[in-house]
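For reference, the structure is listed below as structure tokens.
Residues: numbered from 1 along the sequence shown. All of these numbers come straight from a predicted model, not from anything done at the bench.
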Amino acid sequence: MLKIGSVIDGKYKILNVIGKGGMSIVYLAMNERANKQWAIKEIRKDGSENYEIIKQGLVVEIDLLKQLNHAHLPSIVDVIDDGNTFLIVMDYIEGIPLSKLLAEEGVQSQENVIEWAKQLCSVLDYLHTRDNPIIYRDMKPSNVMLKPDGNVVLIDFGTARTFKETSVGDTTCLGTRGYAAPEQFGGRGQTDARTDIYCLGATIYHLVTGHNPCEPPYEMYPIRKWNSLLSSGLEIIVSKCTQPNPADRYQTCAELMYALEHYNELDESYKRKQNRKLGIFCATIFTTVVFGAASLAGYMLETSAKSNSYEYYIELAQAQVQKEAATLCYKKAININPARGEGYDRLLNDVILDDDVLTEEEAYQIRDILNESNGNNKTNESYFKENKDEYEAFSYKLGIAYFYSYEDSGNKALSKKWLEIAMNGESLKEQERERAKCLGKIAGYYSKIGVESKSGDTSIGYAEYWEDMISITSDNLVDKDNAITALVMYKELVYQIYTNCVIFKEEGITKNEMQKQLLNIKDKLVSEFSYTNSKEQKRVKKLINELEENVDLAQKAIETAFQENLEESGGK
């Protein structure tokens with residue numbers, strides 16, 4: 001046991017003991033140089049036969065937590081192993097475990113429990129949607145810390161594991177009986193996201209009823225058996241979470257989150273009111289459209305849960321101020337229904353391209369979302385491809401973004417795949433297919449421009465590139481595409497003139513030809529952008545201002561290039 005007042009590793013001063021377990025002690029420590037408090041978990045060997053097993057579990061916990069970043073998870077900052085003692089330095093979470101709250105205060109209010117459940121559901125969803133999904137497996141009140149601000153933090157990852165799709169079962173049976181799902185014991189298959197949903201349901205049960213599922217009668221009854229004032233909607237949710245068969249539970253935390261957000265709509269009183277309204281509505285419809293309405297109602301009932309959940313996250317994303325939060329919401333919507341295009345489209349247009357720049361990090365985010373697999377061998381993109389029209393429209397927009405906006409100046413090579421999809425897209429407008437074809441051509445040979453072959457010839461020259469660029473921007477792009485797309489296309493031409501005017505001159509492009517294109521773009525800024533969608537107005541104005549400045553810079557670059565030419569010829 002560490003001595004109170006001792007200093008560990010030259011920086012962590014032990015203040016007092018804040019928790020004890022079978023083989024572990026948790027201390028409150030202070031890093032006096034940083035003036036910050038930390039929690040230190042000590043695991044002592046002391047000749048215990050289980051030391052190596054527990055240490056192995058802690059190594060798993062550390063490796064998992066180091067990869068994670070979530071508001072309701074702690075962070076590990078240091079690990080100290082001297083052979084006999086294993087110390088983990090982590091965030092000190094001020095507050096008390098929910099188990100202590102239950103012991104001291106008894107049953108918790110339904111409203112508080114639902115709010116905590118939503119936060120825990122958010123954490124579990126975050127864990128389950130990692131590239132290597134993490135299954136927590138030990139949700140229970142003692143592993144949830146309630147902070148003074150009312151928020152909760154999930155602690156103790158000793159039993160967590162990464163989900164392995166090829167495994168038929170877990171190698172060890174870990175978890176807390178009563179809270180643990182049946183599949184965690186007795187070789188009933190491997191644990192997955194639905195296991196954590198069971199454990200969360202059991203935790204909710206304990207918090208709102210006060211009855212510990214680990215104690216007699218060792219059975220979870222409907223929660224209103226213990227308190228008739230509890231919501232029948234919450235009773236349905238807890239019951240569905242804790243079904244013995246994983247297939248009968250909520251299949252994802254996104255589904256459970258939606259249910260928690262709308263638990264009152266499952267209440268019997270609410271449903272009676274809705275059923276009365278529905279009865280009147282159906283009677284009216286029956287007299288007019290009869291069988292057609294019945295078919296439509298059946299279809300709506302079949303798809304409403306999934307659709308509403310998807311729409312919920314789309315609406316939630318639009319309400320976010322921070323890009324990271326909006327991205328996470330769109331990602332959740334996409335994972336619920338990866339075949340729908342709205343989530344991808346809004347993520348690209350409203351979040352990633354809100355500053356008209358596609359960064360390398362944002363490009364990785366898109367690829368990760370498209371490549372993500374929800375527990376099977378089929379990626380989100382595979383589902384999306386089945387929705388041919390929306391997939392082709394998204395491919396066109398993403399190809400344009402890569403071509404013009406990647407890291408501000410564009411990346412032609414990365415645009416090639418998406419432009420090729422678009423140029424063959426039967427659902428796209430003719431002018432969009434033609435533009436994709438032209439841009440795809442440039443993307444295809446961009447790396448070869450000006451590069452000499454073994455024979456000493458250049459297979460593709462800047463003159464050919466110039467002609468293609470001019471053909472792309474010759475029409476009224478606002479009418480054929482939209483204001484934003486038009487402006488980034490014009491911006492690319494101006495950028496190429498500014499950057500390569502000397503090379504264009506050497507390829508035979510005259511000063512008048514280059515100046516004519518700049519003048520043409522200035523005219524377009526007046527004639528094509530008189531009327532724009534009010535939602536885009538701010539963004540359009542910003543791009544126009546930038547483009548006007550770039551035109552002036554390109555004009556000066558042309559003057560400089562041809563002035564040098566004049567001086568070299570002796571002013572003749």
Side-chain angles (χ1 to χ4, degrees), residues 64-65 67-75 113-140 143-144 151-157 159-163 165 179 181 191-204 237-238 240-242 246 249-263 305-317 319-320 322-338 340 343 347 351 365 368-376 379-380 383:
L64 287 177
L65 284 173
Q67 304 168 28
L68 306 176
N69 181 19
H70 192 282
H72 300 294
L73 290 177
S75 298
V113 172
I114 290 173
E115 182 56 38
W116 299 335
K118 287 190 288 187
Q119 293 180 22
L120 295 171
C121 196
S122 170
V123 172
L124 294 176
D125 186 61
Y126 172 78
L127 296 175
H128 298 164
T129 54
R130 300 303 84 207
D131 290 337
N132 294 313
I134 296 169
I135 312 304
Y136 179 70
R137 301 199 303 178
D138 201 20
M139 177 71 70
K140 56 184 177 181
N143 282 344
V144 181
N151 292 315
V152 294
V153 176
L154 186 60
I155 61 172
D156 197 345
F157 273 64
T159 60
R161 66 182 284 269
T162 54
F163 175 78
E165 192 174 328
Y179 298 101
T191 51
D192 59 20
R194 298 169 299 181
T195 304
D196 283 341
I197 288 171
Y198 183 101
C199 299
L200 179 54
T203 300
I204 296 171
I237 290 172
V238 172
K240 187 173 177 68
C241 286
T242 55
R249 302 172 201 154
Y250 295 102
Q251 298 300 290
T252 67
C253 282
E255 290 182 16
L256 175 55
M257 176 68 86
Y258 180 80
L260 289 167
E261 291 281 359
H262 299 83
Y263 76 96
K306 190 172 187 180
S307 174
N308 286 338
S309 184
Y310 185 95
E311 295 298 340
Y312 165 73
Y313 281 112
I314 292 292
E315 292 175 7
L316 189 62
Q320 300 303 312
Q322 298 296 325
K323 293 177 69 170
E324 294 80 4
T327 299
L328 183 60
C329 290
Y330 283 128
K331 182 178 178 181
K332 288 180 178 179
I334 289 168
N335 286 337
I336 290 170
N337 191 345
R340 286 186 62 175
L347 173 63
V351 179
Q365 285 180 343
D368 286 345
I369 289 172
L370 288 168
N371 291 330
E372 189 164 325
S373 174
N374 289 322
N376 54 43
T379 64
N380 285 339
Y383 286 107

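- Remark: Ala181 engages Glu183, Gln184, Thr195, Tyr198, Arg249 in a side chain to side chain contact (heavy atoms under 4.5 Å, CB included) (not counting sequence neighbours).
- Across Ile135 and Ala193, no two heavy atoms sit closer than the pair CD1-N, 3.6 Å.
- Looking at residues two or more places apart in sequence or on another chain, you find a side chain to side chain contact (heavy atoms under 4.5 Å, CB included) between Glu324 and Gln322.
- Closest of all the heavy-atom pairs between Ala202 and Thr242 is N-CG2, 3.7 Å.
- Among residues two or more places apart in sequence or in another chain, the salt bridge (Lys or Arg N to Asp or Glu O under 4.0 Å) test is passed with Lys240 by none.
- Residues Val351 and Tyr330 share a closest heavy-atom pair of CG2-CE1, 3.7 Å.
- Between Tyr136 and the choices Val123, Asn143, Leu120, the side chain to side chain contact (heavy atoms under 4.5 Å, CB included) rule is met once, by Asn143.
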inquiry  = Assess the residue pair Val144 and Met139 against the criterion (side chain to side chain contact (heavy atoms under 4.5 Å, CB included)); give the C-alpha distance rounded to whole Å, side-chain angles, the decisive distance to 0.1 Å, and a yes or no.
reply    = CA-CA 8 Å; Val144 181; Met139 177 71 70; 3.9 Å; yes

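- In this view, Ser122 and His70 satisfy the side chain to side chain donor-acceptor pair (under 3.5 Å) rule, not counting sequence neighbours.
- Here CG of Leu73 is found 11.0 Å from CD1 of Ile155. Values are rounded to the nearest 0.5 Å.
- Taking Gln119 as the reference, His72, Glu115, Asn151, Val152 meet the side chain to side chain contact (heavy atoms under 4.5 Å, CB included) condition, with sequence neighbours excluded.
- Under a 4.0 Å N-O distance rule, the pair Arg340/Glu311 qualifies as a salt bridge.
- Residues forming a side chain to side chain donor-acceptor pair (under 3.5 Å) with Lys332 (at least two apart in sequence, or on another chain): none.
- Looking at every heavy atom in both residues, Leu260 comes nearest to Cys121 through CD1-CB, 4.4 Å.
- In this structure, CG in Leu68 is found 10.5 Å from CG in Leu154, a value given to the nearest 0.5 Å.
- Note that CG of Asp138 is 9.0 Å distant from OG1 of Thr203, once rounded to the nearest 0.5 Å.
- Taken to the nearest 0.5 Å, the CG atom of Leu200 stands 13.0 Å off from the NZ atom of Lys118.
- In this structure Glu315 satisfies the side chain to side chain donor-acceptor pair (under 3.5 Å) test with no other residue, sequence neighbours excluded.
- In this structure Asp196 satisfies the side chain to side chain donor-acceptor pair (under 3.5 Å) test together with His128, sequence neighbours excluded.
- Residues passing the side chain to side chain contact (heavy atoms under 4.5 Å, CB included) test with Cys241 are Ile197, Ile237, Tyr250, Leu256, sequence neighbours excluded.
- For the atom pair Asp368 CG and Arg130 CZ, the distance stands at 9.5 Å (nearest 0.5 Å).
- Remark: of the listed residues Asn380, Thr129, Asp125, Asn380 is the sole one forming a side chain to side chain donor-acceptor pair (under 3.5 Å) with Asn335.
- Here OH of Tyr313 is found 7.5 Å from SG of Cys329. Values are rounded to the nearest 0.5 Å.
- For Tyr263, there are no ring-ring contact (aromatic ring centres under 6.0 Å, His included) partners, not counting sequence neighbours.
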